[in-house]
2 protein chains.
Amino acid sequence: MKLRKHYTCPLELAHDLIKGKWKTIIIFQLRHGKRSFSELMREIKGITQKMLLEHLRELREVGLIDKKSYPGYPLKVDYFLTPRGEKMLEAVNILQDIGISYLTEQEFSGFAVEKRTED
Amino acid sequence: MKLRKHYTCPLELAHDLIKGKWKTIIIFQLRHGKRSFSELMREIKGITQKMLLEHLRELREVGLIDKKSYPGYPLKVDYFLTPRGEKMLEAVNILQDIGISYLTEQEFSGFAVEKRTED
DNA sequence: CCGTATCCGATCCGATACTG
DNA sequence: CAGTATCGGATCGGATACGG
């Protein structure tokens, strides 16, 4: 996700910052501080190596996260939120709350599982 | 954007709610109350009729907005945020602030225009 | 004024294999 | 452990035309 040259609207830019299936989840996982690549792989269910690396790189390119590499073997890299990322975390936390409310409340858990009557 | 049957993570669901190029912008445009379809078309630069209708329908299906149709000609329909939409607006407002900060600050306005030296 | 349908290129994302 | 490359199906979104 390269940012475009021009944006006519701040929200278009901001939405591009978190575009992609995993970006908000990555930001949320970094809420308590740094995480290595392998920790993120373990904590984020269902993500592939390719997707995680790609989204990490993009988040870095737009300045929401940064990383620190430690020399030597085994390789070790820590990813962490920048101040901009911390600000984005505020929005992500709200999204998290909204997601929980949808998963919790009857009205939409019924809808979210498409009237499953079995199990 | 139909919601899936199951989500392993609230953020995956929440991100789906605002997935798509225009959803956050539509929510933001409804921040001060109801808007007719044609008002939204006028206010949201660059959007096509198809995209606006499609995103309005999807936002409605997931319960972030609702609409009220008035009988008679010319047709008139008002769209407005539901309580869930108002909650989502809190996140969108933060995104808006972040977008503004990116467009404003030197570091990223330079980056956002990809080192353009002409014009 | 509001809503639907279709076509088609662009992008996204998962699987998989390979490198330092 | 961390990162790169490629391929192919699925989805997204713009243009355009048509309908109530």
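A, B, ... follow the sequence lines: proteins, then strands. Residue 1 opens every chain. Small disclaimer: the values here were computed from a predicted structure and weren't measured.
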Of all the heavy-atom pairs spanning [X] and [Y], show the shortest one and how long it is.
X       : Y      : value
L103(A) : L13(B) : CD2-CD1, 3.4 Å
R84(B)  : G63(B) : CB-O, 3.6 Å
L59(B)  : K23(B) : CD2-CD, 3.5 Å

Checklist line | Bend angle of the helix from dC1(C)-dG20(D) to dG20(C)-dC1(D), end axes from five pairs each (to 10°) | finding: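 If I round to tens, the end axes sit 40° apart.
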
Do any side-chain nitrogens or oxygens of [X] fall under 4.0 Å of OP1 or OP2 in [N]?
X      : N       : result
K67(B) : dG3(C)  : yes
K19(B) : dC13(C) : no
Y79(A) : dC1(D)  : no
H55(A) : dC13(C) : yes

Calculate the interatomic distance between [X] atom [atom1] and [N] atom [atom2]; express it in whole Å.
X      : N       : atom1 : atom2 : value
L52(A) : dG3(D)  : CG    : P     : 9 Å
L59(A) : dG3(D)  : CG    : P     : 13 Å
K68(B) : dC1(C)  : NZ    : P     : 20 Å
R57(B) : dC12(D) : CZ    : P     : 11 Å
E58(A) : dG3(D)  : CD    : P     : 14 Å
D78(A) : dA2(D)  : CG    : C1'   : 12 Å
E61(A) : dG3(D)  : CD    : P     : 13 Å
R60(A) : dA2(D)  : CZ    : P     : 14 Å

[X]: side-chain hydrogen bond (donor to acceptor under 3.5 Å, both in side chains) partners, not counting sequence neighbours:
X      : answer
Y73(B) : none
T8(A)  : E12(A)
D78(B) : Y70(B)

Check: Quick one, which residues of residues 31-43 of chain A touch DNA chain C with a heavy atom under 4.0 Å?
Finding: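 Within residues 31-43 of chain A, no residue comes under 4.0 Å of DNA chain C.
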
Next item on the list: List for me each residue that meets salt bridge (charged side-chain N to carboxylate O under 4.0 Å, His left out) alongside K21(B), sequence neighbours excluded, and say none if there are none.
Entry: none

Check: Under the salt bridge (charged side-chain N to carboxylate O under 4.0 Å, His left out) test, which residues partner K67(B), sequence neighbours left out?
Finding: none

Listing, residues 30-43 of chain A side-chain donor-acceptor contacts under 3.5 Å, not counting sequence neighbours, or none:
unit_1, atom_1, unit_2, atom_2, d
R31(A), NH1, F28(A), O, 2.8
R35(A), NE, E43(A), OE1, 3.1
R35(A), NE, E43(A), OE2, 2.9
S36(A), OG, S38(A), OG, 3.3
S36(A), OG, E39(A), N, 3.2
E39(A), OE1, S36(A), N, 2.8
E43(A), OE1, Q29(A), NE2, 2.8

Margin query: Among residues at least two apart in sequence or on other chains, which ones pass side chain to side chain contact (heavy atoms under 4.5 Å, CB included) with E86(B)?
Written below: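 E86(B) satisfies side chain to side chain contact (heavy atoms under 4.5 Å, CB included) with L81(B), L89(B) once adjacent residues are dropped.
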
Notebook entry, point to check: Which salt bridge (Lys or Arg N to Asp or Glu O under 4.0 Å) pairs, counting each pair once, include a residue from residues 89-104 of chain B, with sequence neighbours left out?
Noted result: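 Non-adjacent pairs meeting salt bridge (Lys or Arg N to Asp or Glu O under 4.0 Å): K87(B)-E90(B).
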
Next item on the list: List the protein contact pattern of nucleotides 14-20 of chain C with one symbol per nucleotide (5' to 3'): B for base contact, S for sugar-phosphate-only contact, - for none; contact means a heavy-atom distance under 4.0 Å.
Entry: BB----B

Notebook entry, point to check: If you group Ile, Leu, Val, Met, Phe, Trp and Tyr whenever their side-chain heavy atoms sit less than 4.5 Å apart, what else falls in with F80(B)?
Noted result: none

